[in-house]
**Q** 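Just passing along the structure, written as structure tokens.
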Amino acid sequence: MCNHLRRFGFVSLAIGLLVVSLSVANVFRTPPVQAQRSTAEIERLQETASEFSKLFSEVAEYVQPSVVHVKAVKVMKAEQFQQYHPHGRGGPGGHGGPGGPGGPPGGHGGHGGQGAPFGDDFFDRFFRGRMPKEFRQQGFGSGVIVDARGYILTNNHVVEGADEIYVMLPGKKKELKAEIIGTDPPTDLAVIKIDGNGLPVANLGNSDDAHVGDWVIAIGNPFGLTQTVTAGIISAVGRANVGIADYEDFIQTDAAINPGNSGGPLVNLNAEVIGINSAIFTRSGGYQGIGFAIPSNMAKSVMDSLIKNQRVIRGWLGVVIQDITEELAESFGLPNAEGVLVGDVTPNSPAEKGGMERGDVILKYEGREVKDVNDLRNLVARTSVGTDATVDVLRDNKSVQLTVIIGEQPADLFAQRGGGGGPTAPSADYGMMLENLTPEVARRFGFQDETGGVIVMDVMPGGLAEMSGLQPGDLIKEVNKARIANIQEFWQAAEASPKDKGLLLLVKRGKTTRYVLLKQAE
């Protein structure tokens with residue numbers, strides 16, 4: 001079956017697109033006399049269209065048996081139910097309701113309970129002392145069987161907080177109880193399991209081979225309508241900063257996806273799962289042409305770790321990184337704004353042991369070009385702990401290749417500290433107030449380990465410092481790559497800096513260090 005799909009898929013697609021191109025060309029061509037199509041030509045076109053249509057049917061028929069309906073049940077005590085349903089109002093939305101106007105995309109959630117025109121004493125009058133001890137709130141989603149032993153991939157937001165989980169196989173009426181093997185909120189993935197042997201399994205494909213314009217099929221249970229199939233194309237790949245999860249590398253598609261599709265597969269025309277549908281961008285709560293799927297390569301890495309370890313073990317370099325702007329590229333003398341900039345190296349980390357230094361620009365990781373911070377984070381996180389990873393960096397305009405033994409990401413990686421205080425020294429040209437790092441100030445802001453620098457005590461609204469991202473409590477350690485010990489040295493460095501170049505600051509906030517460029521817009 002799969003061989004037939006692989007062989008047939010791309011050939012028919014190419015023929016289909018050729019037919020469309022020829023048809024469009026004929027519409028705009030106006031010959032004096034339109035030649036009559038021969039019967040053989042018409043039959044050939046009809047056969048091509050039929051074959052192309054049949055391909056979609058075969059892919060759907062092949063994958064559908066592995067797509068399941070997931071029901072998550074939250075058991076609530078009577079007092080909890082009354083807190084969630086005051087005065088008979090509608091209940092809270094299901095898992096991951098739609099995003100509001102102007103807000104981030106929402107997950108495919110169930111709908112909230114329907115509001116009712118009941119008074120304050122509704123529960124007392126209706127139940128008359130017979131209030132049930134428990135209420136069961138249900139949410140629905142989708143999942144895909146990826147292992148014949150009963151392992152199912154779905155979204156974390158489908159099963160999050162559930163006390164009971166049930167799965168219904170296609171064409172069956174009996175619900176099977178499922179257990180949670182593991183969840184991973186940073187990627188919005190979860191693995192659940194039902195008892196079974198020889199279950200129909202979907203093949204996980206290589207999401208790195210997905211390209212914009214490829215045809216895809218989404219399968220799931222939108223609004224409880226089981227085994228619904230929709231088709232579209234891949235609209236974009238590598239979507240990040242969407243605001244759905246911590247690790248984002250989404251495949252964007254215009255295949256119709258709605259609440260209830262969460263956890264279902266996004267499938268290519270080789271009948272391979274290349275994504276797990278996770279969220280939609282919507283202002284209405286329904287399909288508006290933009291859906292997001294977690295790439296299968298990320299899903300497989302998370303799934304394997306959850307099954308093996310009941311948690312996700314991620315790779316770790318031990319660097320603080322930031323995207324390179326055109327201004328930063330100019331300050332560092334870089335030819336362009338490609339790669340990511342190392343703002344700091346964690347002591348005793350894999351990066352430090354591998355020879356990485358602050359100010360390095362990471363261009364490639366394991367031979368793959370690094371586009372931005374999100375790209376590098378995802379690549380490192382998917383790398384197995386203990387791997388010897390090659391990292392190509394640019395250091396002082398010279399290419400250097402490093403070998404770093406990848407470590408395990410610490411649980412408290414993103415822990416930070418901060419503080420506040422009043423201004424004591426002006427730096428009005430840059431829109432901020434500074435103070436020397438005295439022992440008292442160091443204790444107040446958590447910088448006891450630092451021996452020099454100046455603290456940003458306040459920033460002027462709309463000023464250069466605020467526009468550049470500086471905040472009260474930031475510690476400025478360097479100006480134009482030179483260490484400073486106090487405000488006097490800050491001003492000496494600032495006055496010596498060419499006005500058109502701006503100030504390149506090394507700033508520490510909590511436990512992280514990054515570069516900030518203070519430069520007036522031209």
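All figures in this text were calculated on a predicted structure; none of them were measured in a lab.
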**Q** Checking Q471 now: which residues fulfil side-chain hydrogen bond (donor to acceptor under 3.5 Å, both in side chains) with it, not counting sequence neighbours?
**A** none
**Q** How close do I257 and G291 get, counting heavy atoms only, and between which atoms?
**A** CD1-CA, 4.4 Å
**Q** Look up atom CZ in R514 and atom CG in D323, then write down how far apart they are to the nearest 0.5 Å.
**A** 9.0 Å
**Q** Applying ring pair (Phe, Tyr, Trp, His ring centres under 6.0 Å), which residue pairs with at least one partner in residues 451-482 are found, sequence neighbours left out?
**A** none
**Q** F332: which residues meet the ring-ring contact (aromatic ring centres under 6.0 Å, His included) condition with it, sequence neighbours left out?
**A** Y515
**Q** Could you work out, with salt bridge (Lys or Arg N to Asp or Glu O under 4.0 Å) as the rule, every residue matching D344, not counting sequence neighbours?
**A** R358
**Q** Does atom CD1 of I233 have more than 12 heavy-atom neighbours from other groups under 6.0 Å away?
**A** yes
**Q** Step by step, would you call T390 with Y365 a side chain to side chain donor-acceptor pair (under 3.5 Å)?
**A** CA-CA 6 Å; T390 57; Y365 178 84; over 6 Å; no
**Q** List in chain and number order the residues that pass side chain to side chain contact (heavy atoms under 4.5 Å, CB included) with Q492, two or more places apart in sequence or in another chain; answer none if no residue qualifies.
**A** Q488, E489
**Q** Could you list the residues that satisfy side-chain hydrogen bond (donor to acceptor under 3.5 Å, both in side chains) with D392, not counting sequence neighbours?
**A** Q401
**Q** Output all residues satisfying side chain to side chain contact (heavy atoms under 4.5 Å, CB included) with Q310, sequence neighbours left out; order by chain, then residue number.
**A** none
**Q** With sequence neighbours excluded, what pairs up with D188 under the salt bridge (Lys or Arg N to Asp or Glu O under 4.0 Å) test?
**A** none
**Q** Give a yes or no on this: more than 12 heavy atoms of other residues, nucleotides or ligands lie within 6.0 Å of atom CG of D396.
**A** no
**Q** Using the salt bridge (Lys or Arg N to Asp or Glu O under 4.0 Å) criterion, which residues pair with D184? Sequence neighbours excluded.
**A** R314
**Q** Quick one: salt bridge (Lys or Arg N to Asp or Glu O under 4.0 Å) partners of D304, sequence neighbours excluded?
**A** K300
**Q** Identify, with sequence neighbours excluded, every residue that meets side-chain hydrogen bond (donor to acceptor under 3.5 Å, both in side chains) alongside E248.
**A** none
**Q** Would a distance-only check, ignoring hydrogens and angles, find a side-chain to backbone donor-acceptor pair under 3.5 Å from N436 to T438?
**A** no
**Q** Looking at N480 and L504, would you say the former's side chain and the latter's main chain have a donor-acceptor pair under 3.5 Å?
**A** yes
**Q** What pairs meet the salt bridge (charged side-chain N to carboxylate O under 4.0 Å, His left out) rule with one or both residues in residues 252-264, with sequence neighbours excluded?
**A** none
**Q** Without hydrogens or angle criteria, can the side chains of N206 and N297 be said to hold a donor-acceptor pair below 3.5 Å?
**A** yes
